[in-house]
Amino acid sequence: MRYQRPKGTADTLPADTRHWQYVEGIARDVFAKYRFEEIRTPMFENFEVFSRTSGDTSDIVTKEMYDFKDKGDRHITLRPEGTAGVVRAFVENKLYGPETQKPYKVYYMGPMFRYERPQSGRLREFHQIGVEAFGSDEPALDVEVIAVGRDLLKHFGIDNVRLAVNTLGDQQTRDDYRKALVAYLEPHYEELSDDSKTRLYKNPLRVLDSKDEQDQKFVEGAPSILDYLTPEAQAHFDEVQNLLKALDIPFEIDPTMVRGLDYYNHTIFEFMVNSKALGHGYTTICAGGRYNGLVSELGGPEMSGVGFGMGVERLLLLMQGEGVAFPDQHPLDAYLVGIGEGANAATLQVVQALRGQDFAADRDYLARKPKAQFKTADKLNAKYTLTIGEEELKTNTIHVKNMASGNEVTVPVANVTSDFAAVIANID
RNA sequence: GCGGUAUUGGUGAAGUUUGGUUAACACACCGGAUUGUGGUUCCGGCAUGCGUGGGUUCGAGUCCCACAUACCGCCCCA
């Protein structure tokens, strides 16, 4: 017990990696259908990659960054989210150039880091699966990204989701709305919660997100961003809604929904679920939006982007809470029982031969008694148990038993080592 | 970063209120029930130790302090 893992980290053991592999496998399959390809970027980046993009006043930058100076005095940050790194790579590798097809669609899955107080489904090292699509301002791309997210969740067995969408409009919209919101809230300054008092000037939109009951009263009467949309922003948002309807994707508009990261504009969305597994009420499992301007912010040309991120730990909690069945991806075809020391080499040869025929095979390595070995075969859910003892060694045979039916047969060892499939075809 | 609860074997845990020799029970695991056969049953084995470090006491798993970690709430978010 002397060494323990760092606070907020987790060891994922085989009982769980099974689930992770299942989830990752499904994600890859779904993304392939939408023609998103995988991109892998570093787990750490220069501090500025995140501080420039997430917003100086965002909580991520001000208190949740896992950052440090390396031996070369470089200010390094363990990535707290996926988008900034992908955008940096997009710019650095000049993927905005004419030789890449637009939209340029990629996905990622991997660890992210945030320095915060751990809770269940909330770690300092956690994992996200996300997508990014660059190079189109068309609302159709917003909807495509939303559609992938929904399809993903559906494939994970999460059907009962609520899709909330909102728009933050363009820069003009944001400026106008910000002014209106501050003007509305300022007279109530003294009545706001302490948190909201500081938010009011740093990032007034965040006041809308306050859970404080008193704040909520003001939020109810606050001006809606939807009334400040420029004609272009309105047209974009309208079309997103039209296309969602065209795809029969149910959604609701939540004009108070905001984002913790500053780089979003136009469409933002969240997939929420109401599951006890994730605490009370609706919890966000997948969130994203459009981030036009981020590419140029990181030194690229004016090129738009849209994407989402999904928390894997939360997803797995949710799937387990909803009783989603995870298939056993590594069933055991054959378990070898060896009786007596003389059988040691023979069982090893058979196990190896079976593996050569693409069967999953295992044996006892503890020199245990036959009874214990059979118990193990049963416990491991072996489909077949093969036995080699003194009798079999003498006659160069092997005993094969179908564990489900109880049927058994003795055949020459060579039959098993050359074509096990034919042997079992006869005893099923 | 703030507040609260918890921490006993491989696991779930009782015991902490009223400090006093041997840490309950169950599961898992291992072994056995006439010598080579599974899922049932029966029998037996399995914590010199109660998160870590101090302290109080004749004596502490049980009281006090610090630290670590987990969980819950706030903040925020995936």
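As the structure is a prediction and not an experimental result, all values here were calculated from the model. Order of the sequence lines fixes the chain letters, A, B, ..., with proteins taken first and strands second; residue numbering starts at 1 for each chain.
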J.: Name the nucleic acid region contacted by I285(A), choosing base, sugar-phosphate or nothing; use a 4.0 angstrom heavy-atom cut-off, strictly under.
T.: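 Sugar-phosphate: the residue I285(A), judged by heavy atoms under 4.0 Å, touches backbone atoms but no base.
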J.: Tell me the partner of U35(B), counting only Watson-Crick (N1-N3 plus N6-O4 or O6-N4) or G-U wobble (N1-O2 and O6-N3) with both under 3.5 Å; none if nothing fits.
T.: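 Check on U35(B): unpaired, no WC or wobble geometry under 3.5 Å.
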J.: Shorter than 3.5 Å, N or O on both sides, protein versus nucleotides 1-5 of chain B: list them out with atom names.
T.:
unit_1	atom_1	unit_2	atom_2	d
C2(B)	N4	R117(A)	NH1	2.7
G3(B)	O6	R117(A)	NH2	3.3

J.: Tell which nucleotide pairs with U18(B), taking only Watson-Crick or G-U wobble pairs whose two distances are both under 3.5 angstrom.
T.: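 U18(B) is paired with nothing.
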J.: Heavy atoms under 4.0 Å, any strand shown: does G121(A) hit a base, just sugar-phosphate, or nothing?
T.: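 Here G121(A) touches the bases of the nucleic acid.
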J.: Cut-off 3.5 Å, side chains only: do E132(A) and Y291(A) have a donor facing an acceptor?
T.: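 There is such a pair (donor and acceptor under 3.5 Å, judged by atom type) between the side chains of E132(A) and Y291(A).
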J.: So what does E270(A) hit on the nucleic acid, given a heavy-atom distance under 4.0 Å: a base, only sugar-phosphate, or nothing?
T.: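 Nothing, no heavy atom under 4.0 Å.
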J.: Students often get this wrong, so: under 4.0 angstrom with heavy atoms, is E391(A) touching a base, only sugar-phosphate, or nothing?
T.: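 Answer is base: heavy atoms of E391(A) come under 4.0 Å of a base.
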J.: Please tell me which of the listed nucleotides, C75(B), G31(B), G39(B), lies nearest to the side chain of R122(A)?
T.: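 Of C75(B), G31(B), G39(B), C75(B) is nearest to the side chain of R122(A).
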J.: Nearest heavy atom decides the nucleotide; on that basis, is T284(A) or P370(A) closer to the 5' end of RNA chain B?
T.: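 Between the two, 5'-proximity favours P370(A).
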J.: Are R35(A) and E37(A) ion-paired here, with the side-chain N under 4.0 Å from a carboxylate O?
T.: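 Result for this pair is no, no salt bridge flagged.
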J.: Let me know the distance between CD of Q4(A) and C1' of G53(B), rounded to the nearest Å.
T.: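 These atoms are roughly 14 Å apart.
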J.: Less than 3.5 Å apart, any donor N or O on the side chain of H75(A) or N46(A) sitting next to an acceptor on the other?
T.: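 Looking only at side-chain atoms, N46(A) and H75(A) do not form any donor-acceptor pair under 3.5 Å.
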J.: Taking the side chain of R314(A) as heavy atoms from C-beta outward, which of G39(B), G31(B), A78(B) is closest to it?
T.: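 Of the options given, the side chain of R314(A) lies nearest A78(B).
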J.: Is it the case that E391(A) and H399(A) place a side-chain donor and acceptor less than 3.5 Å from each other?
T.: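 Not at all, the side chains of E391(A) and H399(A) share no donor-acceptor pair under 3.5 Å.
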J.: When you compare A14(B) with C75(B), how far apart are their P atoms, in angstrom units rounded to a whole number?
T.: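 Taking atom P in both A14(B) and C75(B), they lie 32 Å apart.
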J.: Of the options C74(B), G39(B), G36(B), whose atoms approach the side-chain atoms of D378(A) most closely?
T.: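 Among the listed nucleotides, the one closest to the side chain of D378(A) is G39(B).
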J.: Does any nucleotide pair with C46(B) by Watson-Crick or G-U wobble geometry, both distances under 3.5 Å, and what is it?
T.: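 C46(B) is unpaired by these criteria.
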J.: In whole angstroms, how far is the P atom of A78(B) from the CE atom of M112(A)?
T.: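 Taking CE of M112(A) and P of A78(B), I get 11 Å after rounding.
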J.: When the P atoms of C27(B) and A66(B) are compared, how many Å lie between them, rounded to an integer?
T.: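 To the nearest whole Å, 41 Å.
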J.: Which nucleotide, in any strand shown, forms a Watson-Crick or G-U wobble pair with C71(B), with both distances under 3.5 Å?
T.: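 Base partner found: G4(B).
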J.: Can you tell me how far C1' of A78(B) sits from CE of M272(A), to the nearest Å?
T.: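 That distance rounds to 12 Å.
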